[in-house]
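Read the structure below first, then the notes.
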Protein chains: 2
Amino acid sequence: MTASVARTDTSTSPRKRAGNGAALREDVDDIGLDALVGHAGYAVRRFQLWIFQDFIKTLGDVDIRPTQYSVLTVIGANPGLSQMAVAKRLGIERARLVHLLDSLEQRRLVKRIKSKTDRRSHALHLTAQGDTALAKFKRLAAAHERHVEEKIGKANREQLLQILACFT
Amino acid sequence: MTASVARTDTSTSPRKRAGNGAALREDVDDIGLDALVGHAGYAVRRFQLWIFQDFIKTLGDVDIRPTQYSVLTVIGANPGLSQMAVAKRLGIERARLVHLLDSLEQRRLVKRIKSKTDRRSHALHLTAQGDTALAKFKRLAAAHERHVEEKIGKANREQLLQILACFT
DNA sequence: TATTGTTATACTCTATAACTATA
DNA sequence: TATAGTTATAGAGTATAACAATA
């Protein structure tokens, strides 16, 4: 099943070429992806690299990364959640959420409040500061989302969200 | 811009509930994502987690991960590439590719051959063993791709590949 | 000077396992 | 006994910087 490849080795490209018989190909634009072209996972991985880089850059001034943003957003919309509930909802390991919350708590954006019904649990809340900060983060995230729209097109972005809705 | 939220707190769900006034919400199905719903990056991240997990599981018997597969495929389709060329084409750090190739070379799937035109470079080739192994990996990867198709639908998968083609 | 492959370091993320205090 | 939060560890993955050999 070696899949008729899109090698397109159009022999004499205008760029540098390891000319004299030695087996070294250097020309990046010339390199075919073969089977990778048909793999959704490959395209999705490359897209995610781009999208996360843009998110990190766009929210660079406020030093908020995608995972931190998702945690803040969910807590903001669902005050009083336990750490387990947040971890499960976002598909984050509970062990990792501990450190994420440590950092967010040190920055006074989130507070852990001991639950009275289950003394093992913490009820998570935004601080007042966290609430106003999140509003700003959301504006920046919306700007990032517009970058995505510019990159792939408004209609395509909508389509994408629809296709992937079952994973959220 | 607090975006009218899809909290849908339909009060009395059939599942357990922190009943008596204490501020603890536990019910995972009840938790709204708020602004995350509108973010392509969030959907893409969740999708990628699923897709990579399925890939790793489907190619578990042969112990090949997505990045290893992409490296083997590109070398197979473009024998003689330098490490820099592979790294650039796949968006991998050249420092990381060193370790990836160390592992693939130890498994006798790939060999580094000193270039005669540029003595700094290695020309990368599959071994005979690597070539037959890759054929098997491709069959398994095709099975994985069918899982994707089953999960999101044939038409949606095609759409996705088209939308994201500019990132490959 | 610049580039290729390499080594090293650090930080993020994922995946576990084990511990404690509760339930 | 099971669960919530925590701590610790190990392996990927990402991002750098620096070095030797070579261009």
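Here is the naming used below: chain letters follow the sequence lines, and residue numbers restart at 1 for every chain.
- The distance between atom CG of B:L100 and atom C1' of C:dG5, rounded to the nearest whole Å, is 14 Å.
- When distances are taken from the side chain of A:V98 to each of D:dT7, C:dA15, D:dA15, the shortest belongs to D:dT7.
- For A:K116 and C:dA21, the NZ to P distance is 22 Å, given to the nearest whole Å.
- In this structure, A:K114 atom NZ and C:dT22 atom C1' are separated by 12 Å, rounded to whole Å.
- In terms of phosphate contacts, B:T67 brings no side-chain nitrogen or oxygen within less than 4.0 Å of OP1 or OP2 of D:dA12.
- Side-chain contact of A:R107 with A:Q129: a donor-acceptor pair under 3.5 Å is absent, judged by distance alone.
- When distances run from any side-chain atom of A:S121 to the nucleotides D:dG5, D:dT7, D:dG13, the shortest one goes to D:dG5.
- A:L49 comes within 4.0 angstrom of sugar-phosphate atoms only, judged by non-hydrogen atoms across all strands, and of no base.
- Note: B:F47 and A:F167 meet the aromatic proximity criterion, with ring centroids under 6.0 Å apart.
- Contact between the side-chain N/O atoms of B:Q83 and the OP1/OP2 oxygens of C:dT6 is found at a separation under 4.0 Å.
- You won't find any donor-acceptor pair under 3.5 Å spanning the side chain of B:R96 and the base of D:dG13, going by distance alone.
- Separating the CG atom of A:L81 from the P atom of D:dA4 is a distance of 13 Å, rounded to the nearest angstrom.
- Of the options A:R120, A:H122, A:K116, a side chain to side chain donor-acceptor pair (under 3.5 Å) to A:D118 is made by A:R120 and by none of the others.
- OP1 or OP2 of D:dA12 has not a single side-chain nitrogen or oxygen of B:Q68 nearer than 4.0 Å.
- Mapping A:R45 and A:D102 onto DNA chain D by nearest heavy atom places A:D102 at the nucleotide closer to the 5' end.
- In the interface, the side chain of A:R120 is not paired with the base of D:dG5 through any donor and acceptor atom under 3.5 Å apart.
- Using modelled atom types, one side-chain atom of B:R46 and one backbone atom of A:L90 make a donor-acceptor pair closer than 3.5 Å.
- B:R94 has its CZ atom 11 Å from the C1' atom of D:dC19, to the nearest Å.
- Taking atom CG of B:L97 as the reference point, atom P of D:dA15 lies 15 Å away to the nearest angstrom.
- Here D:dG11 presents its P atom at 13 Å from CZ of B:R65, a figure rounded to the nearest Å.
- The aromatic ring centres of B:Y69 and A:Y42 sit 6.0 Å or more apart.
- Spacing between atom NE2 of A:H122 and atom C1' of C:dT22 amounts to 11 Å, rounded to whole angstrom units.
- Toward the 5′ end of DNA chain C lies the nearest nucleotide of A:E93, the other residue of the pair A:R119 and A:E93 mapping further downstream.
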